[in-house]
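Worksheet: one structure, shown below.
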Amino acid sequence: MLLNSKDFLEIKQLTVPEIELILSTAESLKEISQRDIKKVPTLRGKTIINLFYEVSTRTRTSFEIAGKRMSADVVNISTNSSSVLKGEGLKDTACNLEAMKPDIIVIRHPAPGAPHMLASLLDCSVINAGDGAHEHPTQAMLDLLTIREKKGDIAGLQVAIVGDITHSRVARSNIWALTKMGAKVTVVGPKTLIPPYIEQLGVSVSYRLAEVIPKADVLMILRIQLERQHGGFFPSLREYSKLFGLNLEKLKAAKTDVLIMHPGPINRGVELDPEVADGPYSVILEQVTNGLAVRMALIYLLLGGVDI
Amino acid sequence: MLLNSKDFLEIKQLTVPEIELILSTAESLKEISQRDIKKVPTLRGKTIINLFYEVSTRTRTSFEIAGKRMSADVVNISTNSSSVLKGEGLKDTACNLEAMKPDIIVIRHPAPGAPHMLASLLDCSVINAGDGAHEHPTQAMLDLLTIREKKGDIAGLQVAIVGDITHSRVARSNIWALTKMGAKVTVVGPKTLIPPYIEQLGVSVSYRLAEVIPKADVLMILRIQLERQHGGFFPSLREYSKLFGLNLEKLKAAKTDVLIMHPGPINRGVELDPEVADGPYSVILEQVTNGLAVRMALIYLLLGGVDI
Amino acid sequence: MLLNSKDFLEIKQLTVPEIELILSTAESLKEISQRDIKKVPTLRGKTIINLFYEVSTRTRTSFEIAGKRMSADVVNISTNSSSVLKGEGLKDTACNLEAMKPDIIVIRHPAPGAPHMLASLLDCSVINAGDGAHEHPTQAMLDLLTIREKKGDIAGLQVAIVGDITHSRVARSNIWALTKMGAKVTVVGPKTLIPPYIEQLGVSVSYRLAEVIPKADVLMILRIQLERQHGGFFPSLREYSKLFGLNLEKLKAAKTDVLIMHPGPINRGVELDPEVADGPYSVILEQVTNGLAVRMALIYLLLGGVDI
């Protein structure tokens with residue numbers, strides 16, 4: 001095993017050499033999906049279980065295709081979290097699944113730390129595909145890969161993360177990932193959606209998007225989780241969009257080689273205008289392509305792959 | 001590519017040589033499913049995504065088995081259409097899926113034209129597995145294959161399509177397919193369920209099933225979409241069944257080699273009596289078997305297959 | 001075919017040599033799941049359909065992994081039983097699926113006898129994965145395998161089955177299986193949950209768990225089907241747990257080599273205390289591992305496997 005852990009749970013734990021290993025492995029494996037025959041026999045006879053307690057077409061599909069292109073067997077389990085008992089329920093499910101001898105369990109769960117609990121219980125590898133508002137580490141890895149492809153080097157770049165920082169696992173994972181790699185990160189959003197003391201993670205804070213746009217090399221726009229906005233964190237979507245949504249007008253102040261990123265799915269016209277999402281600075285679909293490569297790399301490395 | 005298009009969207013666009021190519025390819029591939037080892041390596045390393053916005057056990061399973069028997073990787077995505085945003089929602093989903101480099105996206109969607117929108121956006125092939133009340137072209141292809149197997153030639157046959165012509169994508173695709181192949185098509189149903197000016201598609205119209213039965217070589221009975229009959233198109237199911245349902249008594253007037261077809265699932269006792277559905281003239285289960293062969297052929301031809 | 005039937009429907013029909021063949025085949029195949037490359041090409045080109053009319057993550061996953069590790073193609077169909085028509089609905093679905101030429105249909109259905117109806121209609125093999133309160137024969141086979149692994153021989157063992165005997169398909173299958181193999185079976189539970197005349201199946205009856213524990217070699221604890229307890233079969237869960245739940249205190253009276261078994265999922269603190277479920281006598285997770293082996297064996301034997 002070339003990673004320090006049998007599991008992939010959070011960016012916070014990773015060392016810079018581990019991040020670089022994952023990125024370079026992903027770069028190598030990305031080419032497989034561009035071949036005419038998009039399949040290698042590398043992981044034949046390995047079993048991957050996708051255990052999703054939250055609906056996610058995109059991430060589940062990405063892991064499923066990643067596994068299949070490496071010739072692993074992939075089994076999907078989608079469970080409505082409302083029908084699942086807390087705590088021991090998950091533990092029992094996990095132990096039962098492990099008794100069927102899978103090699104990797106990929107878990108998405110609304111409870112922060114659920115993947116960690118599984119990892120400590122099970123001998124098989126566990127990958128965190130998103131745990132509540134805690135981390136979404138494969139998203140951060142694909143974001144790093146995309147930035148590195150476009151910019152060559154991550155160190156020294158100015159990256160603005162814009163939106164609901166408090167409730168975003170994407171933001172949390174990216175803050176860890178980008179600062180470890182030497183980027184200068186600014187989080188931007190309404191005061192109600194930026195957690196206090198976040199500067200202690202090594203980031204700057206801004207409450208004005210206009211102030212941040214001119215110096216940013218990367219504008220990472222977060223999805224407004226419409227389904228979670230019951231707390232009255234901002235007056236209205238219209239107000240949010242006016243202050244923190246990105247449109248062509250605001251983008252005029254940006255650098256001419258700025259990258260626009262978004263983890264998807266986009267609320268078009270809310271946090272991102274269609275002209276920007278589909279415009280020349282956007283690398284949003286390349287993020288998805290890189291997501292597949294990063295997941296292939298992780299599966300490969302966790303299962304002990306050495307040379308490619 | 002031997003078909004004129006990278007996609008398979010509607011019968012209306014197809015040329016007769018294309019239809020004949022698909023039929024002859026399906027005839028060749030059908031044999032695979034009768035082998036002891038029902039699998040060929042032809043499409044190893046290809047990825048097919050089944051993107052179903054309407055529930056369909058039968059059609060989804062048929063495409064899934066078709067792909068797997070050709071050794072493709074198949075990924076299923078079933079989305080409750082009620083939870084999906086219109087227009088851009090589908091577009092964004094499709095672009096995201098394409099970023100994972102599938103070879104074919106098979107789509108069923110309640111909106112007519114949804115597959116066409118995808119086809120124009122995406123580089124990968126798109127197959128229409130049913131779009132609203134517009135077309136269900138693989139159904140028409142399997143119907144042609146079944147008729148040709150039983151009758152030798154389609155040209156000159158008298159085919160009656162019976163039921164709710166207005167709302168049926170099966171009827172629409174079959175009208176195009178059968179008239180292109182030289183059959184004489186009569187649509188039969190209550191006036192409220194036959195669209196005006198349908199004669200312009202080259203079909204005859206009848207409002208009396210008894211008048212049509214004696215001369216028909218093929219009786220293609222449509223499913224009454226009970227879930228859509230909120231419009232009061234006919235007084236009652238009992239009334240419909242009496243006038244347009246097919247039973248043994250009415251069948252006495254038919255030719256002795258008539259074919260009874262139905263796209264399934266059957267409302268037994270409504271449009272078709274069980275004795276007829278399971279009787280000697282019925283080729284309903286052979287339609288299902290041929291559906292698999294037709295879908296194998298389409299996947300094969302769209303992915304550039306040449307010789308078999 | 002080495003089994004007497006093309007189907008695997010119920011333990012009641014099986015002969016002792018058939019049971020022993022399945023057990024010894026499972027013992028051989030179990031090793032595959034412990035390899036580094038957990039896959040054999042044996043059933044390449046075979047198609048298995050998992051047709052589940054009741055939700056079951058565990059059993060469906062077990063069959064899916066079993067099929068995939070033998071290189072079969074596995075197709076999952078999960079149907080909410082509430083949306084399915086009775087009788088002919090299932091028959092039509094089954095005939096349609098068979099028209100796609102699967103080799104095995106694995107069915108779970110709330111109606112007792114549903115798998116038998118399918119088996120009589122279809123040429124392909126049918127496996128009963130649980131039919132109402134009738135039988136769950138693969139569960140009994142995995143229980144036999146687990147007992148035999150731990151105890152060497154089943155004949156002569158004292159096995160207590162504890163809980164809701166009346167509504168349990170697990171109990172019914174295990175009574176047939178254990179008595180055929182020569183074990184002495186006692187069913188234990190409240191009078192309201194033990195069917196009259198059950199002694200005619202060759203078992204003893206007890207209404208007091210304390211009386212049974214000291215002599216039992218195996219304590220097979222059934223799940224209380226909380227979702228079915230609308231009939232007021234016992235005063236309260238607390239009362240049930242006090243009288244028939246197994247805890248460390250009660251276990252003090254047991255033999256020092258007693259086996260604790262449970263088909264899962266466990267209602268912790270109701271029929272089984274966590275300390276017992278996770279304790280040294282528990283073989284519950286080994287049951288799950290053996291479930292996979294038994295299902296591999298059945299698929300293998302039904303598809304005509306001879307040597308391994």
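Each chain gets a letter, A, B and so on, in the order the sequences are listed, and its residues count up from 1.
- The most heavy-atom pairs under 4.5 Å with chain B, out of C/Asn96, C/Leu97, C/Asp103, C/Ile77, come from C/Asn96.
- Annotation: B/Lys250, atom NZ; neighbour count of heavy atoms from other residues, nucleotides and ligands within 6.0 Å is above 12.
- Contacts between B/Leu285 and chain C at a heavy-atom distance below 4.5 Å involve backbone atoms as well as side-chain atoms.
- Formation of a donor-acceptor pair under 3.5 Å by the B/Lys68 side chain with backbone atoms of C/Ala72 is not found in this model.
- To the nearest 0.5 angstrom, C/Lys46 atom NZ is 5.5 Å from B/Lys38 atom NZ.
- Using a 4.5 Å cut-off between heavy atoms, B/Arg35 does not touch chain C at all.
- There is a side-chain donor-acceptor pair under 3.5 Å between B/Arg69 and C/Thr47.
- Looking at B/Thr289, its side chain does come within 3.5 Å of a backbone N or O of C/Ala99 through a donor-acceptor pair.
- B/Ser33 places none of its side-chain heavy atoms less than 4.5 Å from the side chain of C/Met100.
- Residue B/Asn76: no heavy atom, backbone or side chain, is found under 4.5 Å from chain C.
- Using a 4.5 Å heavy-atom threshold, the side chains of B/Lys39 and C/Asp73 count as touching.
- Taking CD1 of B/Ile284 as the reference point, atom CG of C/Asp92 lies at 8.5 Å (rounded to 0.5 Å).
- When heavy atoms are compared at a cutoff of 4.5 Å, B/Thr61 approaches chain C by way of both its backbone and its side chain.
- In terms of heavy-atom pairs under 4.5 angstrom with chain C, the leader among B/Gln287, B/Gln34, B/Arg60 is B/Arg60.
- Taking CG of B/Asp278 as the start and SG of C/Cys95 as the end, the distance is 7.5 Å to the nearest 0.5 Å.
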